[in-house]
Colleague: 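Here you go, one structure.
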Amino acid sequence: MLDIRLFREQPDLVRTALKKRQTSTAVVDQILALDAARRALLQKSEALKAERNRVSKEIGRTKDPDERQRKIEAMRQVREEIAALDEMLREKEAQLHHLLATVPNLPDPAVPEGRDESENVVLRQVGEIPQMDFQPLPHWELGPRLGIMDFERGVKLSGSRFYILKGAGAQLERALIAWMLDLHRRQGYTEIYPPFMVKEAVVFASGQLPKFRDNLYHDAEEDFWWVPTAEVPLTGMHMDEIFDESDLPRYYTAYTPCFRREKMSAGRDVRGIKRGHQFDKVEMYIYTLPDRSQDALQKMLADAEQTLAELGLTYRVVQLCTGDLGFAARITYDLEVWAPGSGEWLEVSSVSNVGDFQARRANIRYRPAGGGKPRFPHTLNGSGLGLPRTMIAVLENYQQPDGSVVVPEVLRPYMGGMEVIRPQEA
RNA sequence: GGAGGGAUGGCCGAGUGGACGAAGGCAACGGUCUUGAAAACCGUAGUGGGCUUACGCCCACCGGGGGUUCGAAUCCCUCUCCCUCCGCCA
């Protein structure tokens, strides 16, 4: 959520920024018009309320019955007028709030301009694309051959975009989660185990609602929304709180499954485990002072990169251009890992500074150390990492000519010492 | 699921129709004292919004929503959450 004052005081700044995002700027004028109408009604209503308050106090002190009755009659009239004004006011406020809630965050000035993902900028590549002396298999062939992935039975249980991991596959998933959480803990993050279903207000606070309703699952009878990312509960857990400045920064990490309807990606990435309706992710999240958030972004990026480096995978760091930024983000780096079997770079992490965008929506503030008004902290989120694509990269990069897969060294303690995944009985 | 009790400022806690934005305490900030600190004492101080060049004025907020009233933290309805007891259950 952007500050309404930004629209009033610097509408052109907002328009320019929205254009860079390839977003319509018509909302700016609509918002300004609603804001003006709202304030006009507010002033009328408040003037009447001031009168009512003043006269009501007089009534309490008025002894003369006639005068008293006369004042009561007059205030009855005023009450009606206030009710009518407030009704109109509520309507304008609801419209304004709804519009404001659909405006994306403004890009950081440092973000390169571009129309869409084709204009993202590859900042660097770490590691070489491995040259294999045999034809590497894609994971959707490798997994079933090893007996560690079962697509048919996933579909039988739940339909398309669901799968079963089995034996060493299931162990590998669990090992990756546990290892990543331990790594982030060493990097200074506090581990959180949040609810996987949250209230609508929480999904609004992190910015997934109202715009991305179609991508979310929710209970038809109760106010439960399945989290599409741990970012949602990690934002919501401090909703309506005021930190002391000394409480910041806060570093959190959490594993959650993520549930997404993927309506927007119909037909894309249907093979294998790349894009499911349910997937696991380990997330990093930081609350920090505004002037520290860019440093925090660099730390988080480095922390995410470390997971790929320790797994021995080749990856590249991509800076998203203005046209490809997510709704809440001011600046985002993606990490893409090379998958030799699929023959593509897979997005396994997105590390973003959202500034005060989520804090404002969630009403999360901190009190400055020297006293003074509470202010909005900045929040950052980053995957560390998305599990299915990390698993794809591990399997495809560590596959051997005989069809087995070597377990990366850092994961072996988490897999009971297993060094190689070999074909298992179906 | 049934019965009862609760929800008040950053935190704790008083307040049952009119001078209550709300006693008192803790924490915070400024000052006195002290070599410095602590203690003690004095003082400041809620959050959001509107108007104003400004001093400042006004509105709203006592879990959420609605109602009664000239006037609601206080009365009524409703929802949510917490606590106690009973029942059921991984």
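Numbered from 1 within each chain, the chains take letters A, B, ... in sequence-line order.
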Colleague: If I take atom CD in residue A:Q77 and atom C1' in nucleotide B:C70, what distance separates them, rounded to the nearest angstrom?
Modeller: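 Checked: the CD to C1' distance equals 13 Å.
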Colleague: Would you mind pulling out the nucleotide paired to B:C81, Watson-Crick or G-U wobble, both distances under 3.5 Å?
Modeller: B:G6
Colleague: What is the distance from CG of A:D223 to P of B:C79, rounded to the nearest Å?
Modeller: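 Checked: the CG to P distance equals 16 Å.
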Colleague: What string of B, S and - do you get for nucleotides 54-68 of chain B 5' to 3' if you count protein non-hydrogen atoms under 4.0 Å?
Modeller: ----SBS--------
Colleague: Under the criterion side-chain contact (heavy atoms from CB on, under 4.5 Å), which of A:I273, A:N397, A:V337 is the partner of A:I392?
Modeller: A:I273
Colleague: In Watson-Crick or G-U wobble terms, both distances under 3.5 Å, what is the partner of B:C70?
Modeller: B:G18
Colleague: Let me confirm one number: the CD-CZ distance from A:E336 to A:R389, rounded to the nearest 0.5 Å.
Modeller: 10.0 Å
Colleague: Are the aromatic rings of A:H238 and A:Y285 close, with centres under 6.0 Å apart?
Modeller: no
Colleague: Could you list by number each residue of residues 67-75 of chain A showing a heavy-atom separation from RNA chain B of less than 4.0 Å, or answer none if no residue does?
Modeller: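 Output list: A:R68, A:I72, A:M75.
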Colleague: Taking all heavy atoms of A:A110 and all of A:Q319, pick out the closest pair and write down the distance.
Modeller: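 Closest pair (atom of A:A110, atom of A:Q319, distance): O-NE2, 4.5 Å.
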Colleague: Can you tell me how far P of B:G48 sits from CD of A:E93, to the nearest Å?
Modeller: 17 Å
Colleague: Taking a pair as Watson-Crick or G-U wobble with both distances under 3.5 Å, which nucleotide is matched to B:C61?
Modeller: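 Its partner is B:G46.
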Colleague: Does a salt bridge link A:E73 with A:R76, judged by any charged N lying under 4.0 Å from a carboxylate O?
Modeller: yes
Colleague: Tell me whether the guanidinium CZ or amine NZ of A:K299 lies under 6.0 angstrom from the six-membered ring centre of A:Y251 and within 45° of its axis.
Modeller: yes
Colleague: Quick check for you: among B:C70, B:G10, B:G50, whose closest atom lies nearest to any side-chain atom of A:R367?
Modeller: B:G10
Colleague: Are there any protein N/O atoms within less than 3.5 Å of an N/O atom in nucleotides 80-82 of chain B, and if so, which ones and at what distance?
Modeller:
none

Colleague: Looking only at side-chain atoms of A:Q43, point me to the closest of B:U47, B:C51, B:G18.
Modeller: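 Of B:U47, B:C51, B:G18, B:C51 is nearest to the side chain of A:Q43.
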Colleague: How about A:F357 and A:F327: are their ring centres within less than 6.0 Å of each other?
Modeller: yes
Colleague: How long is the span from the CG atom in A:D86 to the CD atom in A:E81, to the nearest 0.5 Å?
Modeller: 11.5 Å
Colleague: Can you list every pair that meets salt bridge (charged side-chain N to carboxylate O under 4.0 Å, His left out) and has a residue in residues 184-196 of chain A, with sequence neighbours left out?
Modeller: A:D182-A:R185
Colleague: Not counting sequence neighbours, which residues clear side chain to side chain donor-acceptor pair (under 3.5 Å) with A:E347? List them please.
Modeller: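 A:E347: no side chain to side chain donor-acceptor pair (under 3.5 Å) contacts found.
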Colleague: Starting at CD of A:E245 and ending at C1' of B:A27, how long is that distance when rounded to a whole Å?
Modeller: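 So the CD-C1' distance, A:E245 to B:A27, works out to 17 Å.
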Colleague: Now, which nucleotide makes the Watson-Crick or G-U wobble pair with B:C33, with each of the two distances under 3.5 Å?
Modeller: none
Colleague: Which residues satisfy the salt bridge (charged side-chain N to carboxylate O under 4.0 Å, His left out) test with A:R21, sequence neighbours excluded?
Modeller: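 Here no residue qualifies.
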